[in-house]
Q: 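Have a look at the structure that comes next, please.
Along the sequence shown, residues are numbered consecutively beginning with 1.
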Amino acid sequence: MRWTAFIWEGASRAFSHRPTFTNLVLVLGAASSGGLVAYADSKSDDVLDKPEGPPKKKVVVLGTGWGGTTFLRNLDSRLYDVQVISPRNYFAFTPLLPSVTCGTVEPRSVVEPIRRILEKKGGDIKFWEAECFKIDSENKKIHCRSNIRTNLDGNGEFLVDYDYLVIAVGARSNTFNTPGVEENCYFLKEVEDAQKIRRNVMDCFERASLPYLNEEERKKNLHFVVVGGGPTGVEFAAELHDFVTEDLSKLYPSIQHLVRISLIEAADHILTMFDKRITEFAEDKFGRDGIDVKTGYKVVKVSKDAITMQNPATGDISVPYGMAVWSTGIGTRPFISEFMKQIGQGKRRVLATDEWLRIRECDGVYAVGDCATINQRRVMDDISEIFRVADKDNSGTLTVKEIQDVLDDIYVRYPQVELYLKSRQMNGIADLVRTAKGDAEKESIELNIEEFKKALSLVDSQVKNLPATAQVASQQGQYLARCFNKMKDAEENPEGPIRIRGEGRHRFRPFRYRHLGQFAPLGGEQTAAQLPGDWISIGHSSQWLWYSVYATKQISWRTRALVISDWSRRFIFGRDSSCI
């Protein structure tokens, strides 16, 4: 009988370890209760015969950068079959890459293996080290290629199907098709880029130390050019200046006076995304430090030995250099460009999503981070529908009370309305609509459709694209994970604003970016900080705030400990100058 086999199988398991009195009692008890065991065995058959629940939806995540990793860390992986595909098997803390270029922080201190992150999450999350080279949104499949090349065909290609696709592949450096940039310049987007720059800085010093070079050749080798006056370019120039003055000047005393650092920016000022006070301080400090800031210059060509730039006043200028770092913005990855052409977005710079991070032209496809931008819906595109929704009595006019009844939903759906009111120092919507009716009393105002259009005609001027920063990508990943976690509940209990075009409510509130501030390290243990509320801080105290924030934002205690130890080591022993 089956229950007899069950008893002996249990007995063998019980005595597979060291026999104990408890084991013996359990086996004898099972033998004396055969009917009960047989009943339990038959019940287990019923359980096995029961049909399983519906299969989990498959979520495929492309990329392990800020957007993709934050999404994975916050996603409830028990609800989905999650698969992660990325050509790199780690997450990199990219804000510290300029520190890696000069040995202030070691490369392994700013990376965390993605499998370790997934292990801490729990659940059956799969990771494949491969690169996506084509997205087939019609059939919900992606084409991938592994650099390891392990399949029988030898090309490492495979297909992955999905129900939901999260594109978080970031971006590449934008060369603006400038001749010679790809061949002769270094970029600063990946950890590998920082390592290459670090080795080449030391190669330039070692080359300039060779006995057979003349003075001009030494000057050329020690001329470091940074193209791009944004946060990355400015921080790298500051890090390099500190590296030279604090460490390399002691190791290369005979040539340290020949070092020259140039920062080239096409705009009139560097750090244009910061407050004017920070911009002026940074330019003044770089001038005192001997960093040559060239604003209003556009680089038109980069050869092996010289950089050619244009200025309206001086014309073309060619400058010899030893190393050039290109940091002028971001560009779209090739397979994303092809995907954009497929879905009718070929003329755009990056992928366009709606306010819920969905790509409208595709079903179940989302995009976060540098590879996408939110195409905020304009108020004037929906003005007639907004008027219809607010005009509940169908009178053809709107009162202030009718507008206020839907005002919260308007603020959520069109955040530019609230931003416009704040920029004009208006107390509320009543002050805005009053502009269309002159000096009429606020409560007695009634607006027809044309007057309503006039009152809201300027609010779309507050629509701005979000910056391509780690802060934005991280918040988008966190928001999207929250939406996925609540997707089933939101079907029955939507929490979003009223649908202006259609019935009911949106399932979720649209994504809203909260700016938490930004830093610009300027070297010499001085940092400029611009925090919410127009709070500006510049100097040594801001540098310690920068240390605190960046240590806190590390993705694990391991990287946090490593980064802090690197900072401590640099204070005590200086930066490492080896060419490893």
Side-chain angles (χ1 to χ4, degrees), residues 352-358 360 373-466 472 475-476 479-480 482-483 486 489-515 532-534:
T353 71
D354 64 12
E355 298 88 333
W356 290 268
L357 308 183
R358 303 171 300 194
R360 287 196 181 98
T373 186
I374 296 175
N375 190 14
Q376 174 62 50
R377 188 79 180 176
R378 264 50 175 182
V379 170
M380 296 310 294
D381 292 340
D382 295 336
I383 192 70
S384 299
E385 294 299 318
I386 296 172
F387 188 91
R388 178 188 62 80
V389 171
D391 187 19
K392 295 181 180 179
D393 59 2
N394 297 319
S395 63
T397 60
L398 292 181
T399 64
V400 172
K401 184 178 184 306
E402 286 178 319
I403 298 175
Q404 288 176 336
D405 287 342
V406 296
L407 188 59
D408 289 341
D409 290 300
I410 291 176
Y411 281 169
V412 172
R413 184 67 181 85
Y414 308 96
Q416 61 264 40
V417 175
E418 189 174 8
L419 293 174
Y420 181 79
L421 294 178
K422 290 180 179 179
S423 69
R424 294 300 181 92
Q425 297 181 344
M426 295 181 178
N427 294 324
I429 196 69
D431 288 342
L432 179 62
V433 300
R434 188 168 180 260
T435 60
K437 298 293 285 187
D439 295 328
E441 291 293 329
K442 295 179 182 179
E443 296 301 326
S444 62
I445 293 176
E446 289 192 5
L447 300 178
N448 59 33
I449 181 65
E450 294 303 323
E451 293 168 335
F452 189 59
K453 288 180 179 179
K454 179 182 177 182
L456 298 177
S457 60
L458 298 178
V459 298
D460 288 329
S461 64
Q462 294 296 314
V463 175
K464 295 180 176 62
N465 289 332
L466 296 177
V472 172
Q475 290 187 28
Q476 287 179 340
Y479 164 84
L480 192 59
R482 175 182 171 276
C483 292
K486 300 181 67 175
D489 295 338
E491 293 287 351
E492 301 175 357
N493 302 300
E495 60 183 39
I498 294 173
R499 293 183 183 273
I500 300 300
R501 297 179 181 271
E503 301 297 328
R505 289 184 169 271
H506 291 278
R507 289 182 299 175
F508 306 104
R509 296 170 69 91
F511 172 74
R512 180 75 69 89
Y513 170 62
R514 291 179 60 248
H515 185 60
D534 195 31

Q: With sequence neighbours excluded, tell me which residues meet side-chain contact (heavy atoms from CB on, under 4.5 Å) with T373.
A: R348, V350, N465
Q: To the nearest 0.5 angstrom, please state how far the OH atom of Y420 sits from the OG atom of S461.
A: 6.0 Å
Q: My understanding is that only one of Q462, Q416, K453, R413 makes a side chain to side chain contact (heavy atoms under 4.5 Å, CB included) with V379; could you say which?
A: Q416
Q: Measure the spacing between CD1 of I500 and OG of S384 and express it to the nearest 0.5 Å.
A: 11.5 Å
Q: Between Q475 and F511, is a side-chain contact (heavy atoms from CB on, under 4.5 Å) present by the stated rule, with each step listed?
A: CA-CA 9 Å; Q475 290 187 28; F511 172 74; 4.0 Å; yes
Q: If you count the non-hydrogen atoms of other residues, nucleotides and ligands that lie under 6.0 Å from CZ in R509, is the total more than 12?
A: no
Q: Measuring from E355:CD to R377:CZ, what's the distance to the nearest 0.5 Å?
A: 8.5 Å
Q: Has D354 got a side-chain atom pairing as donor or acceptor with R358's backbone, closer than 3.5 angstrom?
A: yes
Q: Any idea which heavy atoms bring A390 and V406 closest together, and the distance?
A: CB-CG2, 3.9 Å
Q: Taking the basic N atoms (NZ, or NE/NH1/NH2) and the acidic carboxylate oxygens, is any pair closer than 4.0 Å for K401 and D405?
A: yes
Q: Identify the two heavy atoms, one from P497 and one from F508, that lie closest to each other, and give their separation to 0.1 Å.
A: CD-O, 3.8 Å
Q: List the atom of H515, the atom of P532, and the distance in Å for their closest heavy-atom pair.
A: O-CG, 3.2 Å
Q: So which pairs with a foot in residues 387-400 pass salt bridge (Lys or Arg N to Asp or Glu O under 4.0 Å), sequence neighbours left out?
A: E385-R388
Q: Is there a side-chain contact (heavy atoms from CB on, under 4.5 Å) between L466 and I374? Walk through the geometry before answering.
A: CA-CA 8 Å; L466 296 177; I374 296 175; 4.1 Å; yes
Q: When rounded to the nearest 0.5 angstrom, what is the spacing between CZ in R501 and CG in D381?
A: 7.5 Å
Q: Just how far is it from atom CD of E446 to atom OG1 of T399, taken to the nearest 0.5 Å?
A: 6.5 Å
Q: Which residue pairs satisfy the ring pair (Phe, Tyr, Trp, His ring centres under 6.0 Å) criterion with at least one member in residues 378-414, sequence neighbours excluded?
A: F387-F452
Q: The test is side-chain contact (heavy atoms from CB on, under 4.5 Å); show your working for R424 and L458 and say whether it passes.
A: CA-CA 11 Å; R424 294 300 181 92; L458 298 178; 4.1 Å; yes
Q: Can you see which heavy atom on E503 is nearest to which on R499, and at what distance?
A: O-CD, 3.0 Å
Q: If you compare all heavy atoms of I498 against all heavy atoms of R505, which two are closest, and at what distance to 0.1 Å?
A: N-NH1, 3.5 Å
Q: Distance from L447 atom CG to E402 atom CD, nearest 0.5 Å?
A: 10.0 Å
Q: Main chain of M380, side chain of D460: is a donor-acceptor contact present, judged purely on distance under 3.5 Å?
A: yes
